[in-house]
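FYI, the numbering just counts along the sequence from 1. It should be emphasised that the depicted structure is a prediction, and the values quoted were computed from it without experimental measurement.
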Amino acid sequence: LSSSSSSSLSDVQGYQWADLDWHFGPVAFTMEWAGFWLNHDGDMWDAQVLPMVYAIRSGAEVISVTVPYKHSSSMKQQEDGNIKFVKKRLQQLELLLPVVQEAMVEPIPDYTHALREQIDDANKLLA
């Protein structure tokens, strides 16, 4: 995620929300957006997804990078048709869907004050 002047929720710099792979783990962002992750108190999958929603709504630009990743055949065999993994994916959706829907319309948390305090505290320790 990087800076952007776009404020449209449905189209951030030409990137459609529907195109986001909400369940793919790696996310990178510039330092200016760190407060959304550092100060969010989520403890499950929401800990990564909700700060991303807030950052994008605040003007962060989504840049997609293709990662040449393929599940190993043994991993694919282990997960395909395995009710344990199906239940895990269902649990993710059941948890994330309502909180993402709320995050798309509720006021965006103001983490800037808390982040400034953390930076000041770190600077004091380094001094």
**Q** Taking all heavy atoms of Phe36 and all of Pro109, pick out the closest pair and write down the distance.
**A**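 It is CE2-O, 4.0 Å.
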**Q** Indicate if Ile108 and Ile56 have the same hydrophobic cluster label, given that clusters are the connected sets of ILVMFWY residues with side-chain heavy-atom separations under 4.5 angstrom.
**A**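 Yes, Ile108 connects to Ile56 through the hydrophobic network.
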**Q** Does a side-chain heavy-atom distance below 4.5 Å link Ser58 with Trp33?
**A**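 Touching, per the 4.5 Å side-chain cut-off.
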**Q** Is any side-chain heavy atom of Lys87 closer than 4.5 Å to a side-chain heavy atom of Gln92?
**A**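 Lys87 vs Gln92: side chains apart.
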**Q** Which heavy atom of Met44 sits nearest to which heavy atom of Gln91, and what is that distance?
**A**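 Of all heavy-atom pairs spanning Met44 and Gln91, the closest is CE-NE2, 4.5 Å.
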**Q** In Å, rounded to the nearest 0.5 Å, how long is the span from CE of Met52 to CG of Asp46?
**A**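 Between atom CE of Met52 and atom CG of Asp46 there are 11.5 Å.
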**Q** What heavy-atom pair brings Val99 and Leu95 nearest, and what distance separates the two atoms?
**A**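 Looking at all heavy atoms of both residues, the shortest contact is CG2-O, 3.3 Å.
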**Q** Atom CG of Leu90 and atom CD1 of Ile83: how far apart are they, to the nearest 0.5 Å?
**A**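 Interatomic distance, Leu90 CG to Ile83 CD1, rounded to 0.5 Å: 9.0 Å.
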**Q** From Arg57 CZ over to Glu106 CD, what is the distance, rounded to the nearest 0.5 angstrom?
**A**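 It comes to 7.5 Å.
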**Q** When you look at Glu79 and Arg89, which way does the side chain to side chain contact (heavy atoms under 4.5 Å, CB included) test go after all the steps?
**A** CA-CA 11 Å; Glu79 292 186 16; Arg89 299 297 173 241; 3.9 Å; yes
**Q** If you take all heavy atoms of Trp37 and Gln48, which pair is closest and at what distance?
**A**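 Answer, listing the atom of Trp37 first, then Gln48: NE1-O, 3.5 Å.
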**Q** Measure the spacing between CD of Glu102 and CG of Leu97 and express it to the nearest 0.5 Å.
**A**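 Answer rounded to 0.5 Å: 10.5 Å.
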**Q** Search all heavy atoms of His40 against all heavy atoms of Ala47 and return the closest pair with its distance.
**A**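 Distance-wise, the nearest heavy atoms are CD2-CA, 3.8 Å.
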**Q** Which atom names give the shortest non-hydrogen contact between Pro98 and Leu93, and what distance separates them?
**A**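 Of all heavy-atom pairs spanning Pro98 and Leu93, the closest is CD-O, 4.2 Å.
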